[in-house]
Amino acid sequence: MKIQDTLSNLEQKLDTTNKIKIYLCGVTVYDESHIGHARTIIVFDVLRKFLESKGTEIELVQNFTDVDDKIINRANSENTTAEKISSRYIENYYRDFDKLNVKRATNYPKATEHIEDIIKFIEKLIEKQMAYPSKNGVYFSVSKFPEYGKLSKKKIDELQSGSRIGIDESKIDPLDFAVWKFSDVEPVWESPWGKGRPGWHIECSAMSVKYLGDNFDIHGGGRDLIFPHHENEIAQSEACTNSPFAKIWMHVGMVTIGGEKMSKSSGNTKSIKYVLENWGSNIIRLFCLSGHYSKVIDYSEEMLNENLTKWRQVETCYYELIHATSEKQEEVAENIKKISIEFDNALEDDFNTHLALSAFFQLVKETNRLAAEEKLGKSDSQIIKKEFERMLIILGLSIPEMTEDKKQEIDNLISDREKLRKEKQFEDADKIRDKLNEMNIELIDHKKRTIWMKKEKIKAEK
RNA sequence: GGUACUCUGGCAGAACGGUUAUGCGUGAGCCUGCAAAGCUUAUACAAGGGGGUUCGACUCCCUCGGGUACCUCCA
């Protein structure tokens with residue numbers, strides 16, 4: 001598999017024969033997660049599921065930043081503690097992402113639970129004279145790390161002139177960034193240098209090295225983290241361990257809305273909660289995977305609607321497959337194999353989910369065509385279903401299971417309707433159909449038989 | 001201002017130095033008692049502007065322009 005690496009700006013080969021270790025920068029838990037967060041995490045979820053489906057073991061570590069000015073501010077404004085705020089939004093995170101059918105990471109380390117590791121990490125940096133304590137905190141000395149800027153392709157001297165945030169006089173160099181900030185206000189921890197809390201970037205360095213080792217395979221996150229966050233992480237980590245940090249840096253493009261970046265600070269976010277309620281997880285996932293991960297995607301109801309149409313085709317495909325009875329056969333295996341290879345090739349080539357989805361929809365179309373022509377044979381449908389389900393799992397799409405009782409009930413109603421139709425009592429037959437519709441069961445009348453499908457209820461539909 | 005990414009048909013969105021992906025939408029048709037769903041078929045000669053390299057460029061190079069992101073809040 002090849003993945004475009006931000007650091008080298010080249011496609012890098014990912015060796016999938018051994019375990020793959022991934023560190024993904026998660027969210028700062030001070031507010032509801034939005035579709036932008038969802039995209040990044042869904043991209044990595046599909047990557048992980050794809051690799052796992054190939055038998056590659058994955059260790060995915062994703063942090064929660066649970067100590068940060070924003071959390072503290074929020075706590076102050078709500079008259080509560082930072083801990084309560086962060087634990088509330090961690091809960092909400094799980095609520096949202098479980099619904100989005102994102103497989104839980106191997107580990108979700110929190111900054112506040114790794115203060116000791118962070119302190120040890122800083123101690124090492126000071127020992128190596130890569131960091132120094134000062135009046136307001138402990139700072140990383142950027143000038144001592146000559147490769148600083150290599151990820152974001154920034155030049156140190158240009159950065160200095162561009163830094164416009166109030167310069168802290170206690171820093172030796174304005175570019176130096178805090179690894180430890182002195183403070184007396186909760187949450188604070190004791191450290192060899194004084195009471196305070198960790199800087200933003202240090203947690204990821206300390207925790208990734210702790211869980212994944214000095215070097216690991218993929219470090220991921222949103223594009224907006226390239227600078228300063230990931231730049232600083234590289235500097236700290238490599239300064240500390242003296243070895244190359246992540247092998248591949250994989251950055252996911254932003255979600256925009258009306259062409260503007262979606263972000264909490266611009267107040268133009270669509271929360272996952274809101275979009276889940278209105279569109280559901282399958283449509284969100286299709287939407288998030290509809291473009292190449294590295295590019296911007298623009299959020300709009302129109303696009304979600306387009307994916308709704310597609311989702312209906314997927315549902316139809318599934319129910320056609322499970323209801324296939326035709327004895328006719330068409331040699332389907334070869335074509336399915338072709339589509340399957342196309343799907344895999346797309347993902348192996350810099351994780352092109354758009355092309356993979358094209359392949360998936362080819363399979364859906366092909367199935368629906370066969371069904372429409374009454375050519376979907378039982379054994380063929382088994383072949384297709386196997387592949388369909390494989391793709392469904394990788395993409396993280398899900399069609400809810402129905403209980404046997406429910407299925408029986410539906411079948412009974414359908415045969416009642418059949419009788420009425422034969423007797424040309426269409427009004428009564430339609431009543432049954434309406435009743436089923438109310439249960440979100442849609443009937444598909446084929447020439448000789450009727451099948452049913454359970455349509456996912458989409459609040460935003462029509 | 002610097003850096004990166006980006007500009008493809010009404011919309012979304014790929015690939016490749018030579019073949020007008022594909023999906024949505026739209027029109028027509030098939031199926032049906034009627035619908036719905038689905039299917040079939042038709043429909044766009046598209047590449048930000050201008051140069052250049054080439055037998056040939058959407059693809060490579062130059063240049064001009066637009067957009068977005070980042071330049072110590074950010075997924």
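In what follows, chains are A, B, ... by sequence order, proteins preceding strands, each numbered from 1.
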Below 3.5 Å is the cut-off: list the nitrogen or oxygen pairs between protein and nucleotides 2-4 of chain B, distance only.
| residue | atom | partner | partner atom | Å |
| --- | --- | --- | --- | --- |
| G2(B) | O2' | Glu158(A) | OE1 | 2.8 |
| G2(B) | N2 | Lys154(A) | NZ | 3.3 |

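- Legend: residues meeting side-chain hydrogen bond (donor to acceptor under 3.5 Å, both in side chains) with Asp5(A), ordered by chain and number and at least two apart, are Ser8(A).
- Ser300(A) meets the side-chain contact (heavy atoms from CB on, under 4.5 Å) test with Glu302(A), Met303(A); sequence neighbours excluded.
- The same atom, P, is picked in C7(B) and in G48(B); the two are 8 Å apart, to the nearest Å.
- Residue Ser263(A) is in base contact, counting any heavy-atom pair closer than 4.0 Å across all strands shown.
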Which nucleotides of RNA chain B pair, in dot-bracket form (Watson-Crick or G-U under 3.5 Å, | meaning another strand): (((((((..(((.....[...)))((((((.......))))))....(((((..]....))))))))))))....
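- Contacts between residues 140-147 of chain A and RNA chain B, defined by a heavy-atom separation under 4.0 Å, are absent.
- Among residues two or more places apart in sequence or in another chain, the salt bridge (Lys or Arg N to Asp or Glu O under 4.0 Å) test is passed with Arg417(A) by Asp445(A).
- Within residues 300-310 of chain A, the residues approached by RNA chain B to less than 4.0 Å at the level of any non-hydrogen atom are Met303(A), Glu306(A), Thr309(A), Lys310(A), in residue-number order.
- Pairs of residues two or more places apart, or lying in two chains, that qualify as salt bridge (Lys or Arg N to Asp or Glu O under 4.0 Å) and include a residue from residues 339-348 of chain A are Lys54(A)-Asp344(A), Asp344(A)-Arg390(A).
- Residues passing the ring-ring contact (aromatic ring centres under 6.0 Å, His included) test with His446(A): none are found, sequence neighbours excluded.
- Listed by residue number, Lys365(A), Asn368(A), Arg369(A) are the residues of residues 361-370 of chain A with a heavy-atom contact under 4.0 Å to RNA chain B.
- Residues passing the salt bridge (Lys or Arg N to Asp or Glu O under 4.0 Å) test with Glu301(A), sequence neighbours excluded: none.
- For Tyr89(A), there are no ring-ring contact (aromatic ring centres under 6.0 Å, His included) partners, not counting sequence neighbours.
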